[in-house]
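Input: a single structure, listed below in structure tokens.
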There are 2 protein chains.
Amino acid sequence: MTSATLVPVFAALGDETRWSILAALGEGDASASALAGRLPVTRQAIAKHLAVLQQVGLVEPVRVGREVQYRVVGAELSATARRLDAIGAEWDRRLGIIKEIAEGL
Amino acid sequence: MTSATLVPVFAALGDETRWSILAALGEGDASASALAGRLPVTRQAIAKHLAVLQQVGLVEPVRVGREVQYRVVGAELSATARRLDAIGAEWDRRLGIIKEIAEGL
DNA sequence: CGCCTGTGCAACTCAATAGTTGCACTGCGG
DNA sequence: CCGCAGTGCAACTATTGAGTTGCACAGGCG
């Protein structure tokens with residue numbers, strides 16, 4: 001189970017810059033320095049974001065020689081989506097019941 | 001289309017207190033004052049959180065007499081989940097292709 | 001071996017936000 | 001009609017987090 005607790009994952013996904021990083025990583029694995037060349041922030045800022053993303057399991061480091069490249073863990077995104085969907089479905093169900101009661105059905 | 005842009009929704013969901021509010025609203029619609037009785041924060045703090053949740057469409061206000069009760073919009077949770085799942089699936093697909101290439105298949 | 005690239009750690013600034021207190025307004029109920 | 005419960009607005013504090021600069025360290029490569 002790679003799944004981190006739900007809330008921190010959402011917190012991690014609640015930042016535009018981190019989505020930029022994820023998008024850039026979608027073009028292929030890259031190191032913090034490489035990403036710094038493509039994004040309008042410093043390498044250190046990216047390193048911090050990568051640390052956050054790694055902590056919630058959205059990204060994982062891969063040592064390549066003396067570099068540290070990062071890869072997106074798509075499964076974690078899917079897992080988070082499923083859990084969120086389950087919650088949403090639960091609420092829909094409850095609202096449906098309330099509606100039925102209200103309509104006297 | 002009630003869907004707000006994706007990132008702010010995640011930012012809204014990246015806070016424990018807001019999940020507490022959503023959970024409390026899951027027991028039935030409630031006003032800010034009513035929620036303040038159940039949660040360890042002041043009514044004003046809750047009002048701010050409700051404003052945030054409303055802005056991203058996760059919650060909607062319902063005037064009941066002179067009160068303003070709030071209801072969870074489960075559909076927005078589901079919609080967010082679907083969009084996130086689509087992104088996750090896309091990443092899985094890409095990683096699959098990369099893996100195939102790497103394995104010389 | 002010596003350099004240059006990439007990484008890691010630390011201190012600092014600045015903006016955003018969670019939370020508070022305080023006050024003013026409104027509208028239903030006795 | 002008066003009071004009280006509920007709401008809204010505003011100012012303030014404090015903490016978190018994004019971003020920066022600066023420096024120290026490590027490991028390939030010429």
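Every chain is numbered from 1, with letters handed out A, B, ... down the list of sequences.
- Between L35(A) and A24(A), the closest heavy-atom pair is CD2-CB, 3.6 Å.
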Distances under 3.5 Å between nitrogen or oxygen atoms of protein and nucleotides 1-3 of chain C:
none

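- Within residues 60-69 of chain A, the residues approaching DNA chain C are R66(A), E67(A), V68(A), by heavy-atom distance under 4.0 Å.
- Annotation: side-chain hydrogen bond (donor to acceptor under 3.5 Å, both in side chains) contacts involving residues 16-32 of chain A, sequence neighbours excluded, comprise R18(A)-H49(A), D29(A)-R71(A).
- Members clustered with V52(A): none, using a 4.5 Å side-chain heavy-atom cutoff among hydrophobic residues.
- Across all non-hydrogen atoms, the minimal contact from L53(B) to A12(B) is CD2-CB, 4.4 Å.
- Residues passing the side-chain contact (heavy atoms from CB on, under 4.5 Å) test with Q54(B), sequence neighbours excluded: V59(B), P61(B), Y70(B).
- Using five terminal pairs a side, the axes of the helix from dC1(C)-dG30(D) to dG30(C)-dC1(D) at its two ends make an angle of 10°, given in steps of 10 degrees.
- Of all the heavy atoms in V41(A) and A45(A), the pair that sits closest is CB-CB, 4.2 Å.
- Of all the residues in residues 42-52 of chain B, T42(B), Q44(B), A45(B), K48(B), H49(B) reach under 4.0 Å from DNA chain C with at least one non-hydrogen atom.
- Smallest separation of non-hydrogen atoms from S78(B) and A89(A): OG-N, 3.9 Å.
- Under the side-chain contact (heavy atoms from CB on, under 4.5 Å) criterion, R93(A) pairs with E90(A), I97(A), not counting sequence neighbours.
- Of the residues in residues 10-25 of chain B, those lying under 4.0 Å from DNA chain C by heavy-atom distance are D15(B), T17(B), R18(B).
- Listed by chain and residue number, A32(B), S33(B), A36(B) satisfy the side-chain contact (heavy atoms from CB on, under 4.5 Å) test with R43(B) (two or more places apart in sequence, or in another chain).
- Inter-residue side-chain proximity for L58(A) and V72(A) is flagged as unmet; no heavy-atom pair is nearer than 4.5 Å.
- At a threshold of 4.5 Å between non-hydrogen side-chain atoms, the residues L39(A) and I46(A) count as touching.
- Not a single side-chain contact (heavy atoms from CB on, under 4.5 Å) links A11(B) to another residue, sequence neighbours left out.
- Residues F10(B) and T80(B) have side chains in contact (heavy-atom distance under 4.5 Å, counting atoms from C-beta outward).
- Proximity of S33(A) to the phosphate of dT5(C): no side-chain N or O atom is located under 4.0 Å from OP1 or OP2.
- What you find for V7(B) and L13(A) is that their closest heavy atoms are CG1-O, 4.0 Å.
- Other members of the hydrophobic cluster containing V64(B), listed by chain and number, are V62(B); membership follows side-chain contacts under 4.5 Å among ILVMFWY residues, whether direct or relayed.
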